[in-house]
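Have a look at the structure below before the remarks.
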Amino acid sequence: FAKETILSSNLGSEICSKTNCGCNTTGEDVFAVTLKSTFLGVMYCVSSVFQTGMVGYPEALTDPSYKSQILTLTYPLIGNYGVPKDEDGEFGLSKWFESSKIHAAALIVGELSENPSHWSSAKSLDQWFREQGIPGLEGVDTRSLTKKIREKGTMLGKLVVEGTSANDIPFDNPDTRNLVKEVSMKEPKVFNPEGTVRITAIDCGIKYNQIRCFCQRGARVTVVPWDYPLDSNDFDGLFISNGPGNPEYCKETVENIRNVACVENPKPVFGICLGHQLLSLVIGAKTYKMKYGNRGHNQPCIHKGTNRCFITSQNHGFAVDPNTLPEAWDVLFTNANDKTSEGIVHNHKPLFSVQFHPEHMAGPTDLVGLFDVFLDTVKDAKEGKTGKTAFVRPRKVLVLGSGGLSIGQAGEFDYSGSQAIKALKGENIQTVLINPNIATVQTSKGLADKVYFLPITPEYVTQVIKNERPDGVLLTFGGQTALNCGVELTKQGVLEKYKVRVLGTPVASIEMTEDRKIFVEKMEEINEHVAPSEAAMSAVAAAERLSYPVLVRSAFALGGLGSGFANNREEMITLVTQAFAHTSQVLVDKSLKGWKEIEYEVVRDAYDNCVTVCNMENIDPLGIHTGESIVVAPSQTLNDYEYNMLRNTAIKVIRHLGIVGECNIQYALNPESEQYYIIEVNARLSRSSALASKATGYPLAYVAAKLGLGIPLPMLKNSVTNSTTANFEPSLDYCVVKVPRWDLSKFLRVSTKIGSSMKSVGEVMAIGRSFEEAFQKALRMVDENCVGFDHTIKPVSEEVCNDELQTPTDKRIFVLAAALHAGYTVERLYELTKIDHWFLHKMKNITDHEKLLEAYNRDESAMPPEVLRKAKQLGFSDKQIAQAVQSTELAVRKLRRDWKILPAVKQIDTVAAEWPAHTNYLYLTYHGLESDVVFEQPHVMVIGSGVYRIGSSVEFDWCAVGCIMELRKMGYKTIMVNYNPETVSTDYDMCDRLYFDEISFEVVMDIYEMENPEGIILSMGGQLPNNIAMSLHRQQCRILGTSPEFIDSAENRFKFSRMLDTIGISQPRWKELSDIESAVGFCETVGYPCLVRPSYVLSGAAMNVAYSDSDLEKYLTNAVAVSKEHPVVISKFIQEAKEIDVDAVACDGVVIAIAVSEHVENAGVHSGDATLVTPPQDINQKTMERIKMIVYAIGQELQVTGPFNLQLIAKDDQLKVIECNVRVSRSFPFVSKTLGVDLVALATRVILGEEVEAVGLMKGIGIVGVKVPQFSFSRLAGADVVLGVEMTSTGEVACFGENRYEAYLKAMLSTGFKIPKKNILLTIGTYKVMAYFTAIQTLESLGYNLYASLGTADFYTEHGVMAVDWPFEEESDCPSKDKQRNIMDYLEENHFDLVVNLSMRNSGGRRLSSFVTKGYRTRRMAIDYSVPLITDIKCTKLFLAKAGCRCDYALFVGASSDNATVLPSIASTTAGLKMYLNDTYSTLKMDNVSLWMEVRKQQGIQQIQQYFILIYFLF
């Protein structure tokens, strides 16, 4: 293979000079490329074609149909699994190849793998080409070349060795030669002579697998030359093979076939590809040359009669004109994309042919059954047909959401639910959504017709069903929460009672996939195998039967909850005890650690059309949950057989289970053979579904919702091309890498080991045209402080290195970088990690190039341009290169631009450029010659929020989406930059251009310089965009909204504190860190505790409360590490204070809207972890006026234009400001939806300079909203459940009520909290016991059994509280013989329904010493045994305050003219009022509404709608 950096510039500049060649070329219909390295010889010019398959290059290259063609492969990474040894398989046919040699004239690829990895590989693709004397070219922008061929048609092309004159190489059009004659065998040959059915196969370029397909079905196959005379006495059936070139050159073949086929009673005839064209010519039809043909593995063909759509493999440049078919002949298949004929059949004679390749190799096997049909026809059998399913469209559909974001169930369900609602609305179906997640886009006004902010529990959903009476429900768009709820509703008979039909996958199918025992039985029915496992009540016995090591898992759980590996009996008992806390069924699997983990996303409709949309390979081997693993799409190390073996299995399984819509299937694949096991099937949209949707551009959730309505898949359009069908399998011409994001550093004592249970809080997806490019992008996306595959992040000793490589942690990828840099070999790393050699070699490429860059560390300008270009193609950022050459990011950027090393913009179009696509889904790459888009119209650029992490989650995506929607309403064209596959903002139909790429100074600046937008909005994406504001500002970017200088004044802790002092606004006493000594002095002066606050951070990162000098020293070190370039400030920490959140919008410093929320917890709990109430219930008018004054003053001083957020604390009648963020905050969606004013829409209009009406203080619409955090401590083994100034929650929910108590209870239930039924444990100690006295009496009066730890019980004994012992005392303190039952015993038995545990200091501090306390262990056990837990005194009081005051009945009244004067007096105690304007339903009617209004006025009743609902029935 010769290497090209980019496609040679003489592409399209050569002109065919040969006269009468028949190619009709102009200067743009041919191309020539000079090979820059010496090669095997001179290459004659032939036709050039492209093929879109992602696997199967050995099979394609040996396909005789590619004779004399330069083959361009659109998928850029080729040669990954090498080339197998040419060995004979069954029937004496080559096991791996389709003929005896390479038939393609040359190969053009993006990147050739130098280090292939596969158990069957014997040599590299490069070695194979050298052996066969075939030229190849890599380093080409194959997408640009594909587009040229697509636009101009199949071209003549030539590869010329450097030094040879291009004019010396004549053009030779292969379409003017009889290529069939060149590839056909010379003598007949018999295969499987013992076969019972005699088949004669005409070799026009036959593929070995066609012969194999007949022999495997018991046929005796005689292969004869292309011009062999035929005698029908010699065969029972005639087969006409595929082959290259123009069918009209095979006149002898046509005549020979006509002699045996055009008779009264012909023997059966079957043709494939060229054989199809030849049979058409035999019967008098016409063929024609296509513009560029169909070559690939994903061509959808619709069978006439059943309308079933099948995915087929194709390779042809000529087609049959169906309009020329004679009478008695009909079309058998039609291409769903270009509508060309794909098959013909005689109406009553046994003659048929197909244009595609049902024998696959390479490609899918969906129609390999045509060989059976043909042989059955030969045996006089008849083909059966399938009928259609009747389907009634629903009128109103209930959609169950997923609730608060948690580990294992995050923003991907906001995306999938939003897509489902869009799909239903597109079909004019009314939608009702239940989802308490206030922060999501799907709960926004204008998406669903109705939204219920209620817990997704059977009780609440039943009430909604009663009220709304939907006739359909979608269960598969809300994760495990919705699925489990739907299964329970079915079991209770609720859905049947109210005639609600489950749309899409039936509940029975869902239960098959969720119940392990049933699933195993269903798989055995179709001879498929799952990993040896048992669903057990006695799990230890099951483990001993399977033999250790084993994997323990919980049934009906998400994200591997309650799972882990056990190597012995002791570990097994520990795991099983915890697993049974989450489920009634425990699964014990034989461990397959070290095997490859592969996933397929599958779509199936109600008519059995089925496609696999995306396949993915985990870089980490089995043993690490797929949500914890680095994942690459498409798979890189599977060969064609494995790829299609697993694909066919997926389709077989999904059909057998009866799934309708979308699902995900996971496999374990032996890295040393073709052995595989099915791990599981998720019969719902999953995390992988969102990733697959974004990775391919195929909107899985949208399509699944449409299929749930009974719409056939072939009828749906590919939303990217708008011309081809959705019944297809996307072709990728790029590589996608997903990397998870962990935030384990925020938790005390949490284990950093990763395994079968998920701990990651978010994920990123990067796109590139090489693995290295996408991989390094992804690592930077996960953490903006990481420069890429950096060996300096985890510099470790050999002993530690080996340990971390063998036992994976959240930082293992950087340990790998350090190991490679230290000289570890790929083989040694494979033994330690079991990561495939191919991936390790790719990582080594990065490390090797980094060392090369380091050689230029004295003068970067001495570096050759090619070294810099190669670095960019390997995914190095400017900052990373600068680090290696000891320069600056701006210096490297200038050098790169001077050398014209610039990124190209490429489209994701689902079809690898095979079809024209007007897609706006874009990414940047350095493997490109030209961009796919033109930059003409001005846009407004909005920067998204990046990866979901603790502190920056779906609420910021809501803000970004709201911004672009408002901009589009205002008539602006929009650009979104984001890289999170779980978000709605990265849905390409939300904006005019979506750049799925990094949010860094370098990338945003590159996009800015290409697009030249009207401006950039940074304030809608949270902290990440704010962090690059000053860098962009210094390059004269147009930043819309607040000036970056003022953003810096708020983010820089020192500048902000100084500003508050200047304008006379109170704040806690503070000091900028200059040295440790002066910091200690300050703390001693003001008195501990003190708060350490770094600048430019999110979610309180590295923020801590110091109680001593040693605390202070440790926390300052952490803060300086996080905030290297910005100051750290120390301030006095005020205890027992109330915290207040203010969200506001201003225009040029003038505040136009203010929303105030109060925290339930005292200050010291991060606002993201706090319980928020709005409108505030405990703030008096005087305090509110002072809050407004402070907000106005700060807004004016910072000259804010757009959104901003303030946090204040109130104590002893004083207000102090603690923080200001000049951007949206995580509470923006909460206050906007609760108070009824969309602050993001308002801010967007202000930012763009529109005049808006001032809103002032937002007082709400008569309801109280309570926002409650969603924690994921059950996923984080060992983490302490204490809240402090650094955020730990992963999501949030909010519910509404007449008062805060009702709203709080609903919100708590939405997080999975359960109201206690019988037994409550109190471990309060002596901490403010008097505050609990009334609450304890209330609980006692309600009949609860109260238990308490010894200290607490001493105080409450007279109130019937039962004392229980701690299990952690020394044995000597409590002899075992008379030891009473302890807390652990009770928790293990699920005896307690609620644990109330208050840590010793409710202070905001996170002290590591808390690990040894009894309180920590109690909290941790409650979490491990799934017992509801409350840890805050004020939340406990809020929960208990109204525990006995729930009302489950209500009074409704009916209005008439007679009672109009009486009803107002009882209005405040009624739940609703019915007013009928005639007597349709009763004699109650109001003939004259004005009478009612008059009475209302006389009674002086104000705000009547607060008391009851007016329901008008108009007839």
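- Using a 4.0 Å cut-off between a side-chain N of Lys or Arg and a carboxylate O of Asp or Glu, Arg687 and Glu982 do not qualify as a salt bridge.
- Annotation: side chain of Leu1346 is not in contact with side chain of Asn1319 (no heavy-atom distance under 4.5 Å).
- In this structure, Lys450 pairs ionically with Glu468, as a charged nitrogen and a carboxylate oxygen lie closer than 4.0 Å.
- Val397 is not listed as a side-chain neighbour of Pro470, based on a closest heavy-atom distance of 4.5 Å or more.
- Counting heavy atoms from C-beta on, the side chains of Cys1435 and Tyr1304 come closer than 4.5 Å.
- When the options Leu483, Leu400, Leu685 are evaluated for a side chain to side chain contact (heavy atoms under 4.5 Å, CB included) with Phe477, the one that passes is Leu685.
- Every residue meeting the ring-ring contact (aromatic ring centres under 6.0 Å, His included) condition with Tyr698, not counting sequence neighbours, appears here in chain and number order: Phe728.
- The ring-ring contact (aromatic ring centres under 6.0 Å, His included) search around Tyr677 returns Trp595, not counting sequence neighbours.
- We find that Asp608 and Arg655 are joined by a salt bridge, their nearest charged nitrogen and carboxylate oxygen being less than 4.0 Å apart.
- In this structure Glu680 satisfies the salt bridge (charged side-chain N to carboxylate O under 4.0 Å, His left out) test together with Arg553, sequence neighbours excluded.
- Residue-environment remark: NZ (Lys425) exceeds the threshold of 12 foreign heavy atoms within 6.0 Å.
- The salt bridge (charged side-chain N to carboxylate O under 4.0 Å, His left out) search around Lys422 returns Asp987, Asp989, not counting sequence neighbours.
- Exactly one of Val1395, Leu1394, Leu1321 qualifies for a side chain to side chain contact (heavy atoms under 4.5 Å, CB included) with Pro1316. That residue is Leu1394.
- Annotation: side chain of His656 is in contact with side chain of Glu525 (closest heavy-atom distance under 4.5 Å).
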Apply ring-ring contact (aromatic ring centres under 6.0 Å, His included) to residues Tyr1347 and Phe1392 and explain how you reach the verdict.
CA-CA 9 Å; Tyr1347 296 74; Phe1392 297 131; 5.3 Å; yes

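- Under the 4.5 Å side-chain criterion, counting only non-hydrogen atoms from C-beta, Lys1267 is not in contact with Thr1171.
- Every residue meeting the ring-ring contact (aromatic ring centres under 6.0 Å, His included) condition with Phe1273, not counting sequence neighbours, appears here in chain and number order: Phe747, Phe1271.
- With sequence neighbours excluded, the residues satisfying side chain to side chain contact (heavy atoms under 4.5 Å, CB included) with Ala690 are Glu412, Tyr415.
- Atom CD of Glu496 has 12 or fewer heavy atoms from other residues, nucleotides or ligands within 6.0 Å.
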